[in-house]
2 protein chains.
Amino acid sequence: MALRPVSRRSVPDEVFEQLLGEMVGGALAADEPLPSERRLAEVLGVSRPAVREAIQRMAQAGLVDVRHGDATMVRDFRRRAGLDLLPRLLLPGGQLDLAVARSVLEARLHIGPKIAELAAQRGGRDTAAALDDTVKAMAGTEDPIVLQHRALDYWDLVVDGADSIVFRMMFNGLRLAYQPAIEALATVMAPEVGNLEAYRTLANAIRAADSPAARDAAEELLRPATAQMLAAIDMLQEDR
Amino acid sequence: MALRPVSRRSVPDEVFEQLLGEMVGGALAADEPLPSERRLAEVLGVSRPAVREAIQRMAQAGLVDVRHGDATMVRDFRRRAGLDLLPRLLLPGGQLDLAVARSVLEARLHIGPKIAELAAQRGGRDTAAALDDTVKAMAGTEDPIVLQHRALDYWDLVVDGADSIVFRMMFNGLRLAYQPAIEALATVMAPEVGNLEAYRTLANAIRAADSPAARDAAEELLRPATAQMLAAIDMLQEDR
DNA sequence: AAGAACTACTGGTCTTACCACTTGACGTCT
DNA sequence: AGACGTCAAGTGGTAAGACCAGTAGTTCTT
């Protein structure tokens, strides 16, 4: 029996989700006006403040433009949204979007080595020591789910060492997309997160402040699983 | 006379801004509870729905965790925030944060060539043709402000050509940080946005589907101004 | 000492009313 | 005919107050 916490969606949550669904699904096209708050409240059977909260959140995410006195306009989420929207695009309606998944993999493989390089330049021994501890923790388990979480901790430390706020934020965004899928990815990620030697090599390169070596080590660590998953995506896409 | 649109911050805007300021400034530390909605409404002299809207927006941005029945907790924005927070970190209180600026430059130089490479693989002639048009438009002006906007249009097309949603979202985030500073950067960016030949070279590489050439061309285009600005930041940081 | 019930918070939601802004239609001057 | 006010309708912005629904700590009961 696999019990999971019940998801208690609040009313504004629900409204937000529905509106976003309409947008991603294409029913609410860009540059078209959203129905008025009162209208939405009536149609959805909720209060106007609830609708407002949802709409304000959409505005915060850049999905709509709200102008006092005029109708609020839907914007092209592809052009305005930040990485925080990634989880919803990756799994729209529970189904994995292959194009988005490919994009995430590409980005991961491109960003990871750079972060490792910066960490080698700036992180120093403190980062390396913390990484050693994490690798030790990884050695204590075989469970690929736990291993993935530990690997995320590991990268979190590398990102700290890189000391570059933009890469930190990019990492945050990618992690948010990755986490919901962690269980589904247990099998494909097992070879990567089980490759402790690669994690140690990277930690040592960072300790030695050898940024080219760190770069290569990170690529060595990330490439195999990335290549495998990209190949799988290619096959799936051809099937259709 | 340089008239500018008056900024009409709504009450929730103002509340959001104040809370964020306290967080970035350190007065509201991570893992500490926020005052209750009623208390905040009272202290700030606004209605509770207004406070709620602000807090919901913070939750949307990952800055706080709100749990029904318990106090809402402040989270470490460095660890949770996405790129959408970048503009506020870059110019906290009107003053440029040099470390953040350095980080933006690093990211730009690392992401740009990769996007160009992908655009060469996937964009094809359509992308190249659109780029040609944009370069023509750039040739029609000397104003560095206008040129920067055109250059953004140019990159926007390249990103479209790259057809990778994650890089698109990263670009969106960087652009949002860049745009408010566009006037202040007129002088330092002038050499880059005035280098039309570099933009043409990149467009041609994309047309030829020559991804290594596109990569190099993008780097060639971005590196000079990046290096100059990084050097300037180094000097400013040493002064202190 | 362990458990159940209670209490005092917290956020969640709704209703109602009114303010402020934008737009476009209409009328009025020039 | 054109330019300029005026006004009405619709939109988002804000407030106040009431009540529902969770959480956590205290107190009472056993």
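Predicted, not measured: the structure shown is a model, and the values here were computed from it. Throughout, protein chains are lettered first and strands after them, A, B, ... in sequence-line order, and every chain is numbered starting at 1.
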Exercise. Base, backbone or nothing for each nucleotide of nucleotides 16-26 of chain C, written B, S, -, heavy atoms under 4.0 angstrom, 5' to 3'?
Worked result: -BB-BBBS---

Problem set entry | Exercise: identify the closest heavy-atom pair between P12(B) and A54(B) | O-CB, 3.6 Å

For this session: Identify the heavy atoms of L196(A) and A139(A) that sit nearest to each other, and give their distance.
Result: CD1-CA, 3.6 Å

Exercise. When you match L34(B) and S47(A) each to their closest nucleotide on DNA chain C, which lands nearer the 5' end?
Worked result: L34(B)

Exercise. Any donor and acceptor pair, going by atom type alone, linking the side chain of Q148(A) with main-chain N or O of I182(A) inside 3.5 Å?
Worked result: yes

Could you give the side-chain donor-acceptor pairs of residues 96-107 of chain B under 3.5 Å, partners two or more places apart or in another chain?
| residue | atom | partner | partner atom | Å |
| --- | --- | --- | --- | --- |
| D97(B) | OD1 | A99(B) | N | 3.0 |
| D97(B) | OD1 | V100(B) | N | 3.2 |
| R102(B) | NH2 | D234(B) | OD1 | 2.3 |
| S103(B) | OG | S164(A) | OG | 2.6 |
| S103(B) | OG | I165(A) | N | 3.1 |
| S103(B) | OG | V166(A) | N | 2.8 |
| E106(B) | OE1 | S164(A) | OG | 2.9 |
| E106(B) | OE2 | R122(A) | NH1 | 3.3 |
| E106(B) | OE2 | R122(A) | NH2 | 2.3 |

For this session: Check the angle between the aromatic planes of H110(B) and H110(A) and answer parallel, tilted or perpendicular using the 30° and 60° thresholds.
Result: parallel

Problem set entry | Donor-acceptor under 3.5 Å (N172(A) side chain, R78(B) main chain) | yes

Problem set entry | Whole angstrom value for the distance that separates C1' of dG11(C) from CG of L40(B) | 12 Å

Exercise. Taking CZ from R39(A) and P from dT11(D), how many angstroms apart are they, rounded to a whole number?
Worked result: 10 Å

For this session: Write down the distance between CE (M73(A)) and P (dG10(D)), rounded to a whole number of angstrom.
Result: 19 Å

Problem set entry | Nearest-Å distance for atom pair CZ/C1', residues R9(A) and dG22(D) | 19 Å

Seminar exercise, completed: With the side chain defined as heavy atoms from C-beta on, E37(A) is closest, among dT15(C), dG12(D), dT14(D), to dG12(D)

Exercise. dA16(D) P sits how many Å from L44(B) CG, rounded?
Worked result: 13 Å

Problem set entry | T134(A) and R150(A) side chains, donor-acceptor separation under 3.5 Å | no

Problem set entry | Value in whole Å for how far the P atom of dT11(D) lies from CD of E42(A) | 11 Å

Problem set entry | Atom-pair distance (CD on E53(A); P on dG12(D)), nearest Å | 16 Å

For this session: Check DNA chain D against residues 14-23 of chain B and give the residues with a non-hydrogen atom under 4.0 Å, in numerical order.
Result: none

Exercise. Between G112(B) and W155(B), what is the shortest heavy-atom contact and its length?
Worked result: O-CZ3, 3.8 Å

Problem set entry | Short side-chain N/O contact to dG11(C) OP1/OP2 from Q56(B), under 4.0 Å | no

Exercise. Between D163(A) and L118(A), is there a donor-acceptor pair closer than 3.5 Å when you use the side chain of the first and the backbone of the second?
Worked result: no

For this session: Starting at atom CZ of R52(B), determine the distance to atom P of dG17(D), rounded to an integer number of angstrom.
Result: 18 Å

For this session: Considering just the side-chain nitrogens and oxygens of S36(B), establish if one lies under 4.0 Å of OP1 or OP2 belonging to dT10(C).
Result: yes

